Amino acid sequence: MYDLKALYEAQSVQDAVRLRLEHPQAQILAGGTDVLVQMREGKRAGKELISIYGIDALRGVALEEDGTIRIGSLTSFSHITKDPIIQKYINVLGEAVDMVGGPQIRNAGTIGGNTCNGVTSADSASTLFAWDAVVELTGGNGVRKLPIQDFYISAGKVDIRPDEIQTAVLIPKASYESCFGHYIKYAMRNAMDIATTGCSVNVVLSEDKKSIVRARIAYGVAGPIPLRCSHAEAAAQGRSLTEETAEAFSSAVLEDIHPRDSWRASKAFREHIAVELAKRGLKESIRLAGGELA
């Protein structure tokens, strides 16, 4: 049984904001795939919940007039994977969230819940970091937009004010135009497992497909929050498509990542895996973009 104090069901975004103000200690409930499990375990016993699950306006993927891809925060992983806009412009995100849990979790779990948890192992997080996603938050003072790098504060903590709910995740056109990427999840099992390390890479190639105009890379479980690797990105920018470029790119990630020892894997093992995943991710991104290493 679930030990909760009260459950409030928001009918709209503004209603959710009102409930947040009236019940500042309440926990937001979206898909419930994390919150309800934690309640059954007794970790959130006696809590108030504000369910936003009934707000259909927060579901779906849309292409805005300026080319921004808007993903409503209540959009499930399954819908993201199958959405034609995602498949056309940023298929790697659909592939990444398709690695979350099993089918039941992917049908109920939401992109908003996955990011608002603030955990570094979230399968969506490293790809959203690598594609310069922006988080949209709505509160009593209106709409606030944050680069996802600023949204994550520390392990399990994100920048949501007491009166706010997350309403969308945005991918600007400049982040995905002419861009191709690949996500690799390393885990002990192929399904139903948390990532030991997750790596998302994407590239924009020159018109002749001979050099890298821009490369971006981000990791999950390489630090307390997901992180970008600026040294690796700089090491690849403007370089020709060679094995030497791939080596320089992948080895440079060690200047940015900060993995730790845990029962899942040692720091040394995570560093080793991170270098290999960076190399594989770059090569596959280049292939998807129409290039080939010399």
Side-chain angles (χ1 to χ4, degrees), residues 30-31 33 58-64 67-101 103 105-136 145-149 151-152 166-187 194-195 197-204 214-221 225-229 277-278 280-282 284-285 287-289:
T33 56
L58 298 183
R59 288 187 172 85
V61 180
L63 196 61
E64 299 186 332
T68 297
I69 296 174
R70 179 185 181 86
I71 308 171
S73 291
L74 285 183
T75 308
S76 71
F77 300 127
S78 295
H79 279 95
I80 290 172
T81 299
K82 297 172 184 176
D83 187 87
I85 294 174
I86 297 295
Q87 291 178 345
K88 180 177 181 179
Y89 295 109
I90 183 171
N91 193 46
V92 61
L93 179 60
E95 293 174 346
V97 299
D98 201 41
M99 297 181 188
V100 176
I105 296 295
R106 294 193 292 273
N107 287 339
T110 65
I111 192 74
N114 203 225
T115 50
C116 287
N117 274 342
V119 296
T120 185
S121 59
D123 285 303
S124 67
S126 56
T127 295
L128 293 175
F129 268 65
W131 291 74
D132 289 325
V134 175
V135 175
E136 179 187 276
K145 295 180 180 180
L146 277 179
I148 197 163
Q149 290 93 333
F151 181 62
Y152 281 72
Q166 189 200 105
T167 45
V169 175
L170 311 171
I171 312 293
K173 185 177 181 180
S175 295
Y176 69 79
E177 194 170 33
S178 303
C179 190
F180 296 84
H182 186 56
Y183 172 72
I184 306 174
K185 175 179 181 176
Y186 181 89
I194 295 172
T197 299
C199 175
S200 192
V201 182
N202 61 70
V203 298
V204 175
R214 184 186 72 200
R216 295 179 297 194
I217 178 170
Y219 285 93
V221 207
I225 63 173
L227 55 84
R228 284 276 290 275
C229 295
L277 295 188
R280 294 185 187 185
L282 180 69
E284 179 62 12
S285 296
R287 187 191 71 79
L288 292 169

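Bear in mind that the values here come from a model prediction, so they are computed numbers and not experimental data.
Side-chain atoms of Arg106 come within 3.5 Å of backbone atoms of Val100 as a donor-acceptor pair (strictly under, hydrogens ignored). The backbone N or O of Trp131 sits less than 3.5 Å from a side-chain atom of Ser175, completing a donor-acceptor pair. Between the side chain of Ser73 and the backbone N or O of Gln166 there is at least one donor-acceptor pair closer than 3.5 Å. Under the 3.5 Å distance criterion, the side-chain polar atoms of Ser285 are matched with a main-chain donor or acceptor of Val201. Asn114 contributes no side-chain N or O that, together with a main-chain N or O of Gly109, makes up a donor-acceptor pair within less than 3.5 Å.
Applying the 6.0 Å contact sphere to CZ of Arg280 captures no more than 12 heavy atoms from other residues, nucleotides or ligands.
With a 4.5 Å cut-off on side-chain heavy atoms, Ile111 and Ile80 count as touching. A heavy-atom distance below 4.5 Å is found between the side chains of Cys116 and Phe151. Taking 4.5 Å as the limit, every side-chain heavy atom of Ser126 sits out of range of all side-chain heavy atoms of Tyr219. Tyr186 places a side-chain heavy atom less than 4.5 Å from the side chain of Leu277. In this structure the side chain of Thr115 never reaches within 4.5 angstrom of the side chain of Val135, judged on heavy atoms. Contact of the Val92 side chain with the Glu284 side chain is not registered, since no non-hydrogen atoms from C-beta on lie closer than 4.5 Å. Gln149 is not listed as a side-chain neighbour of Leu227, based on a closest heavy-atom distance of 4.5 Å or more. With a 4.5 Å cut-off on side-chain heavy atoms, Glu136 and Arg70 count as touching.
Between the side chains of Asp123 and Tyr183, at least one donor N or O lies within less than 3.5 Å of an accepting N or O.
Between the CD1 atom in Ile184 and the CD atom in Glu95 there is a gap of 11.0 Å [rounded to 0.5 Å]. Here Asn202 contributes atom CG and Leu282 contributes atom CG; the two are 10.0 Å apart, rounded to the nearest 0.5 Å. Considering CG of Leu93 and CG of Asp98, their distance stands at 11.0 Å, rounded to 0.5 Å. Atom CD of Glu64 is separated from atom NZ of Lys173 by 13.0 Å, given to the nearest 0.5 angstrom.
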Step by step, would you call Asn91 with Leu288 a side chain to side chain contact (heavy atoms under 4.5 Å, CB included)? CA-CA 11 Å; Asn91 193 46; Leu288 292 169; over 6 Å; no

Applying side chain to side chain contact (heavy atoms under 4.5 Å, CB included) to Arg228 and Asp132, what does each step give before you reach the verdict? CA-CA 10 Å; Arg228 284 276 290 275; Asp132 289 325; 2.6 Å; yes

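Ser124 approaches Val97 most closely through the heavy-atom pair CB-CG1, 3.8 Å. Nearest heavy atom pair, residue Ile85 against residue Val61, reads CD1-O, 3.8 Å. Taking every heavy atom of both residues into account, Gly60 and Thr75 meet most closely at N-OG1, 2.8 Å. Scanning both residues, Thr110 and Ala30, for their nearest heavy atoms gives OG1-CB, 3.7 Å. Looking at every heavy atom in both residues, Val203 comes nearest to Ala289 through CG2-CB, 4.1 Å. Contact detail for Arg216 and Cys179: the closest heavy-atom pair is NH2-SG, 3.5 Å.
Scored by the side-chain hydrogen bond (donor to acceptor under 3.5 Å, both in side chains) test, Thr81 finds no partners at all (sequence neighbours excluded).
Looking at Leu63, Ile171, Asp83 one by one, the single match for side chain to side chain contact (heavy atoms under 4.5 Å, CB included) with Tyr89 turns out to be Leu63.
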